[in-house]
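Data block below; observations after.
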Amino acid sequence: MGFIVAVDGTAGSGKGSITKIVAEKLNLVAIDTGAMYRCVALAMLEKNIKIEETGKIEELLQNIKIEFFDKDGEKKVFLNGEDVTKKIRTVEVTEYASPVATVKIVREHLVKLQREMAKSIDVIMEGRDIGTNVFPNADVKIYLDATPEERAQRRFKQNKENGIDTPYEEILKNVIDRDYRDSHRELSPLIKAPDAIYIDSTGMTVEEEANEVIKIIKDKIKNK
Ligand code: DC
């Protein structure tokens, strides 16, 4: 195993942006595990598969290929050879990803892939269960959070920049619903690992948040 930084936290807490910045500055490979759950959700939506249809999900997982590429300085997500970077951010996929992430075989399959990805490289991996379940022995564990209103506002802005027009109220409701589902599900619920460092980013800029994370990682490396 290489050096592993686990970043967990609520939806819209800044995990994605922070992970990207820190990866670049410290030369780590950024892995967005939420995008992997979103890919499975999209594939299930396209094939009209319900979360109870375990047999069909199993078959789908056997044939699914999720890849991350850096293209023109941007992270692209490919599902079975198709660029789905934008498609996996729609409200429909976002809403379906949460129940899909409660399905045992989906979690088992994706966790296995995530562990394989970090076998020989230094990574910063973001998600909900990275420090608690995927890499309980991660070198550094960070838990990010902010108020639901601030997180909804950030996603609203991010969507606008990506040409997605979803009303703020809808996003806020979605954030609150997802928080509840993600932290109350039976399998690997979103909780802070006891040894994770908690950062409340309400009122902080992305740069401030990223600098704090970089400082924590550098301290850890120094004391290793
Ligand atoms: O981080 P995100 O919003 O892109 O995640 C999409 C969904 O996947 C979200 O409902 C939580 C779930 N998820 C998870 O259960 N475990 C992870 N490691 C990452 C995401």
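For ligands, and for the atoms within them, numbers begin at 1 and follow the listed sequence.
- In terms of protein heavy-atom proximity, atom 4 (O) of ligand 1 is closest to Arg38 NE, 2.7 Å.
- Remark: side-chain polar atoms of Asp122 are not paired, donor with acceptor, to backbone N or O of Leu28 under 3.5 angstrom.
- The shortest N or O to N or O distance between Arg185 and ligand 1 is below 3.5 Å.
- At the top of the distance list for atom 1 (O) of ligand 1, counting protein heavy atoms only, stands Arg128 NH1, 2.8 Å.
- With ligand atoms numbered from 1 in the order given, ligand 1 contributes 9 (C), 10 (O), 11 (C) to contacts under 4.0 Å with heavy atoms of Asp182.
- Protein heavy atom in closest approach to atom 8 (O) of ligand 1: Tyr37 CB, 3.5 Å.
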- Query: What do the steps show when you test Ser188 against Asn133 for side-chain hydrogen bond (donor to acceptor under 3.5 Å, both in side chains), and what is the final call?
  - Reply: CA-CA 7 Å; Ser188 310; Asn133 178 44; 3.3 Å; yes

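- If you check the side chains of Ser98 and Arg181, you find a donor sitting under 3.5 Å from an acceptor.
- The nearest heavy-atom contact from the protein to atom 18 (N) of ligand 1 is Asp129 OD1, 2.8 Å.
- At the top of the distance list for atom 5 (O) of ligand 1, counting protein heavy atoms only, stands Gly34 CA, 3.5 Å.
- Taking the charged nitrogens against the carboxylate oxygens, Arg154 and Glu150 do have a contact shorter than 4.0 Å, which makes a salt bridge.
- Under the 4.5 Å side-chain heavy-atom criterion for grouping Ile, Leu, Val, Met, Phe, Trp and Tyr, Leu144 is connected to Val22 within one hydrophobic cluster.
- Shortest contact from atom 19 (C) of ligand 1 to any protein heavy atom: Thr33 OG1, 3.3 Å.
- Checked against a 3.5 angstrom limit, the closest N/O atoms of Asp32 and ligand 1 fall outside it.
- Every atom of ligand 1 with a heavy atom of Ser98 under 4.0 Å away is listed here by number and element: 10 (O).
- Using a 4.0 Å cutoff on heavy atoms, Arg107 counts as a contact of ligand 1.
- Using modelled atom types, one finds no donor on one side chain facing an acceptor on the other under 3.5 Å when comparing Ser13 with Asp145.
- Closest to atom 9 (C) of ligand 1 among all protein heavy atoms lies Arg178 NH1, 3.4 Å.
- Here the protein heavy atom with the shortest distance to atom 12 (C) of ligand 1 is Ala101 CB, 3.8 Å.
- Not counting sequence neighbours, the partners of Ala152 by the side chain to side chain contact (heavy atoms under 4.5 Å, CB included) test are Tyr168, Ile171, Leu172, Val175.
- Side chains of Arg38 and Tyr96: no donor on one and acceptor on the other come within 3.5 Å.
- Side chains of Asn48 and Lys50: a donor on one and an acceptor on the other come within 3.5 Å.
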